[in-house]
Amino acid sequence: MFPQYDVIVVGAGHAGCEAAHAAAKMGSKVLLCTMNMNTIAQMSCNPAMGGVAKGQIVREIDALGGMSGIISDKSMIQFRMLNRSKGPAMWSPRTQNDRMRFAEEWRLALEQTPNVDFWQEMITGLVVKDKRVIGVRTSIGLEIPGKSVVLTNGTFLNGLIHIGEKQFGGGRTGEGAAKGITEQLVQLGFEAGRMKTGTPPRVDGRSLDYTKMEVQFGDENPEKFSYSDETKPLSKQHTCWITYTNKEVHNTLETGFNRSPMFNGRIQGLGPRYCPSIEDKINRFAERERHQIFVEPEGWNTVEMYINGFSTSLPEDVQYDAMRKIPGFENAKMFRPGYAIEYDFFPPTQLKLTLETQLLENLYFAGQINGTTGYEEAASQGLIAGINASLKVDEKDPFLLKRSDAYIGVLIDDLINKGTEEPYRMFTSRAEFRLLLRQDNADLRLTQLGHQIGLADDVRLEKMMDKKSDTQKLINDLKQKKLSPDIINDGLENLDTATIKEKVTIDKLLKRPQLGLKDIEQLDPELKQYLSKYKKDVLEQAEIQIKYESYIEKESQMVEKLANMENYKIPLSFDYLSITALSAEGKQKLNKVKPETLGQASRISGVSPADLSILTVYLGR
C-alpha cells in the first residue's frame, strides 16, 4: 500500500511542518503523519510568532530556506520590533497572527511542495530492526516503511488535560492523546519524563469594554520576518490592548487554590518558568498588586480574543468569576476555559547534535518531545531534524550549526549538553555571541549554508550577496567621505552633540551614541542624495556594523579562539570510563552525552576544567 519513504514525519505542528518541508525540498520522499489533517500547523496557544530571541530564530529559519517566516508574514495582523530602545543585539521582531490563516497557509504550502504525502491516523509505534528504525506502525495496524523517522509529537504523548479537579486524556482541547510510542521507547532503553504547559481562556471580543484598556498599536513602519520578496509588510494593522489584574482578581483566584491541580499535587510535570500560570504568579509574587494582561485578537475577522497572561488550570467557575473582575472584562463571555496539559518528553541529552537519537539509528526528535516550549524553538528543531534526516538518507555529511553561527545552534547545543528539567525557552542571554547573532544579519550568516544543502534557492542567495556587497561598499564609502565643520556644526549643536574643528569621516560620527545615519544625512544634502540609492536593510546593516565595529571584532576573536576546541574531534568509541583520572561526575556525563568535539565536552554541565585537561592529554595520545 505504501512505498518506502525517505523521511516519515510524525506530527504536523510547527516542528513537523518544517521537517517535512525541508526534507522534501532537499529531494527526499516524505510522508507527513497527523491525527487530524484539519489541525496542521495549529497555533495551540497564543496566535503570535517571534518575540525576544524567538524572533531571531524565525529569521534564521527563513534565512536557511524554511517556511515559518513566510507563513508568519502571510498571516500577520500586527508587527512590532521589540526592544528598539536597546542595542541591535536585543531587537526582536514579533507578529500577531490570524490563527486560522496561519494554519491554512502552512497546509497550502505543504500541499504545493513536491515530494510531500499525507496520512491521517495515530502512529502508535516504530518498526525497529537491529537498533535501526525502518518505519512506523499505525493504530489500525498498518506498517509504513521509511528510511528515517522524525518524531514531533508536541503535547500529545500521553497528554492529560487538567481543569480544576477534572482531568481527561488529550493532546489539545477537543483532540485525543497519542499512546504507544512512549511505552515502546522506554522499553527500548530511552529515559522519559513529564512536563506541563498551559493556556488561558478565550473570550468573545464583543463582550469587552476596550475604553478601560490601554491600546497597543503595531509599529508605525512595520517590517516583516522573511528576507524574500514573496511577502510584503502590512499596509494596515490590527490593534491589541493591555489591561491589568488587581487585588480583587487575585482574591477570587485564591478561592480555587484548594481545587487547583497545580497545588494539590495532581500535576507532576514541571511547567515553563518564564510563562507561569496566573495562579502561580499570584502565589510566587504575592507582594505584587497587579499583573499585565494582553488582549490579543485571534484574527482579522473573528471576535475570539486570546487573554495573554491569564494562563490557568483553576476550575472554570473560578476562572470566569476572577476574569470578570479585570477592568474591561466586567461583562466578558467565555468561549472556553483555560487548562493545563501534562505530556511525555525525552531528556534531549539522549540525542546527537543532528537531533538523531543515540540509541536508535535514523530516529530523530524535534520540538516539545525534547523538552522545549514555543512554536519558534520547535520549528527550528524540526528544520534541523528534517535537514539531517534527508542528508543521512543521501549519505551526505550532517548539517550542524555552532553556537557562534545561530540561536538555533545555541538551542540545540544547550539541549544536548545541558539537558533541561523544565520547558526550555530561548532568551538573548543564553547566547554568548548575541552581537554577532542579530535578527538583521541572519541572511548574511546562514543563507549560503542553506543554499549549499539545497534548501535556500538561487534567488535568495543572489539577494543576500547583493545585500552583502552593497553593505560593504557603503561602509567603505562612509569611511572615506568627510564632512566639513562649516556644513554640519550647526546641525550637530541642534542634536546636542559636540561640534568638530576639522573635517571628519562619517564613520567617526556614526560611532557617537547620539547619532544615527538618519541624523547625519540631515546635515548634508549631498550625503542624503547619495544614501537614497541604498535599500533600508543595507543602510541599517552598514550603520550597525560601523557603530559596533570594535565590539563585533572582540566577539569574532572569541569565536576564533573557541573554534580550536571545536576542531578537536573525539571518536564516538572513546572510552571515558577507562580514564581513572577523570572525576566520577565527568565520566558519567561524558559517557552519557558522548560529545563529538572537545568544545562540546567543555559545555557539558558537570565536566570540570580539570576533566578537560585530562581529556586533552588522552586525546593527544
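Everything quoted here is computed from the prediction, not taken from an experiment. Just so it is clear, the values below take in all heavy atoms, side chains as well, and ignore hydrogens, waters and symmetry mates. Residue numbers run from 1 in the order of the sequence given.
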Is a side-chain donor-acceptor pair under 3.5 Å present for [Y] with [X]?
X	Y	result
Ser207	Asn331	no
Gln292	Arg290	no
Thr95	Gln78	no
Asn417	Gln600	yes
Asn370	Tyr424	no

Can you name the closest pair of heavy atoms from [X] and [Y] and give their distance?
X	Y	result
Met334	Met323	CE-CE, 4.0 Å
Val30	Ala24	CG2-N, 3.6 Å
Ala389	Val150	CB-CG2, 4.2 Å
Ser260	Glu279	OG-OE2, 4.4 Å
Val52	Ser92	CA-OG, 3.4 Å
Ala23	Val7	CB-CG2, 4.0 Å

Would you check if [X] and [Y] make a side-chain contact, meaning some heavy-atom pair closer than 4.5 Å?
X	Y	value
Met122	Ile140	no
Asp344	Arg194	yes
Ile278	Gln319	no
Leu590	Lys594	no
Trp241	Ile293	no
Ile604	Pro595	yes
Pro315	Glu165	no
Asn36	Gln120	yes

What's the separation between atom [atom1] in [X] and atom [atom2] in [Y], rounded to the nearest 0.5 Å?
X	Y	atom1	atom2	result
Lys54	Gln56	NZ	CD	11.5 Å
Met426	Asp414	CE	CG	6.0 Å
Arg425	Leu411	CZ	CG	13.0 Å
Ile123	Ser139	CD1	OG	7.5 Å
Asn153	Cys33	CG	SG	10.5 Å
Gln167	Leu160	CD	CG	5.0 Å

Short question: side chain of [X], backbone of [Y] - any donor-acceptor pair under 3.5 Å?
X	Y	answer
Thr152	Val10	yes
Gln96	His238	no
Ser75	Ile71	yes
Gln358	Val593	yes
Asn388	Ile384	yes
Thr312	Leu314	yes
Ser148	Asp6	yes
Ser390	Gly386	no
Arg202	Pro200	yes
Thr245	Val249	no

ask   = So His14 and Tyr375, would you call those rings parallel, tilted or perpendicular, with 30° and 60° as cut-offs?
value = parallel
task = Would you please classify the geometry between the Phe79 ring and the Phe225 ring as parallel, tilted or perpendicular, with 30° and 60° separating the classes?
result = perpendicular
Residues [X], [Y]: salt bridge by 4.0 Å N-O rule:
X	Y	value
Lys592	Glu191	yes
Lys325	Glu330	no
Glu143	Arg137	yes
Asp130	Arg132	no
Arg430	Asp413	no
Glu356	Lys392	yes

query = CZ of Arg284: more than 12 outside heavy atoms within 6.0 angstrom?
reply = yes
request  = Go through the structure and list residues passing ring-ring contact (aromatic ring centres under 6.0 Å, His included) with His162, not counting sequence neighbours.
outcome  = none
message = By the definition salt bridge (Lys or Arg N to Asp or Glu O under 4.0 Å), identify the one residue from Glu111, Glu105, Glu104 that meets it with Arg107.
response = Glu111
ask   = Taking Arg336 as the fixed residue, which of Glu304, Glu298, Glu316 is the one that meets the salt bridge (Lys or Arg N to Asp or Glu O under 4.0 Å) rule?
value = Glu304
task = I would like to know whether Glu214 and Tyr244 meet side chain to side chain contact (heavy atoms under 4.5 Å, CB included); could you show each step before the answer?
result = CA-CA 10 Å; Glu214 301 170 15; Tyr244 299 88; 3.2 Å; yes
query = Would Phe2 and Trp119 satisfy ring pair (Phe, Tyr, Trp, His ring centres under 6.0 Å), going step by step from the backbone distance to the final call?
reply = CA-CA 10 Å; Phe2 294 99; Trp119 185 253; 5.0 Å; yes
key: ring-ring contact (aromatic ring centres under 6.0 Å, His included) pairs, two or more places apart, involving residues 308-362   = Phe346-Phe365
message = Does Thr372 form a side chain to side chain donor-acceptor pair (under 3.5 Å) with Gln381? I'd like the steps, not just the answer.
response = CA-CA 10 Å; Thr372 60; Gln381 293 171 71; 3.0 Å; yes
task = Evaluate the criterion side chain to side chain contact (heavy atoms under 4.5 Å, CB included) for residue pair Leu31 and Phe118; output intermediate values, then yes/no.
result = CA-CA 6 Å; Leu31 179 68; Phe118 301 87; 5.6 Å; no
inquiry  = Do Arg80 and Phe217 form a cation-pi contact, if we require the NZ or CZ to be under 6.0 Å from the six-membered ring centre and within 45 degrees of the ring's axis?
reply    = no
Stepwise side chain to side chain contact (heavy atoms under 4.5 Å, CB included) test for Val128 and Ile134 = CA-CA 6 Å; Val128 179; Ile134 58 170; over 6 Å; no
message = I'd like to know whether Gln368 forms a side chain to side chain donor-acceptor pair (under 3.5 Å) with Thr155, so could you lay out the CA-CA distance, the side-chain angles of the two residues, the decisive distance to 0.1 Å, and finally the verdict.
response = CA-CA 7 Å; Gln368 284 173 290; Thr155 59; 5.0 Å; no
